[in-house]
Amino acid sequence: MAVQYISDHLGKTTGVFIPIEDWNALKEKLRGMSPDHELELVPDWHKMVVQDRMAHYQANPDTGVEADQALDELDALL
């Protein structure tokens, strides 16, 4: 795919030009996909695990930790 990047006067990329043939091919490939398509790929058992964990957190919000702390703890395990 031959794309061209469009930049503003500061050099910041603000857009992408895609040739019409490539655009049409992408549209055809993605035809029928809904915005929730990725959610359909998640197995039901995994959705239940997430729902259970969210319910646990909502009932016990003081058990959560900040993201940085959680990442530090994970790094310490490696």
Side-chain angles (χ1 to χ4, degrees):
M1 181 179 308
V3 299
Q4 296 176 357
Y5 296 94
I6 301 166
S7 302
D8 65 12
H9 68 284
L10 299 174
K12 179 181 175 189
T13 302
T14 59
V16 178
F17 174 81
I18 302 171
I20 193 66
E21 296 84 15
D22 294 332
W23 175 250
N24 288 333
L26 282 171
K27 287 194 321 183
E28 186 64 31
K29 181 178 179 180
L30 300 176
R31 183 181 307 276
M33 290 182 104
S34 67
D36 296 329
H37 176 73
E38 290 183 18
L39 292 178
E40 296 167 10
L41 301 177
V42 177
D44 288 338
W45 68 266
H46 194 251
K47 293 177 188 177
M48 292 299 297
V49 169
V50 172
Q51 289 171 351
D52 289 345
R53 290 180 182 175
M54 287 300 298
H56 179 269
Y57 173 73
Q58 289 171 346
N60 307 286
D62 58 326
T63 60
V65 296
E66 294 290 327
D68 289 337
Q69 179 185 344
L71 292 173
D72 290 343
E73 291 174 9
L74 289 172
D75 284 339
L77 294 174
L78 299 176

The remaining residues in the hydrophobic cluster of Trp45, counting side-chain heavy-atom contacts under 4.5 Å among Ile, Leu, Val, Met, Phe, Trp and Tyr, are Val49

dist Asp72:CG -> Glu66:CD (nearest 0.5 Å) comes out at 11.5 Å

For Gln69, I'd like to know if atom CD has over 12 heavy atoms of other residues, nucleotides or ligands within 6.0 Å.
yes

* To do: Determine whether Asp62 and Asn60 make a side-chain contact, defined as any pair of heavy atoms from C-beta on separated by less than 4.5 Å.
  => yes

Residues at least two apart in sequence or cross-chain that pass side chain to side chain contact (heavy atoms under 4.5 Å, CB included) with Val3, listed by chain then number, are Met1, Tyr5, Val16, Ile18

Shortest non-hydrogen pair, Asp22 vs Ala2, comes out as OD2-N, 3.7 Å

Contacts of Glu73 meeting salt bridge (Lys or Arg N to Asp or Glu O under 4.0 Å) (sequence neighbours excluded), chain-then-number -> none

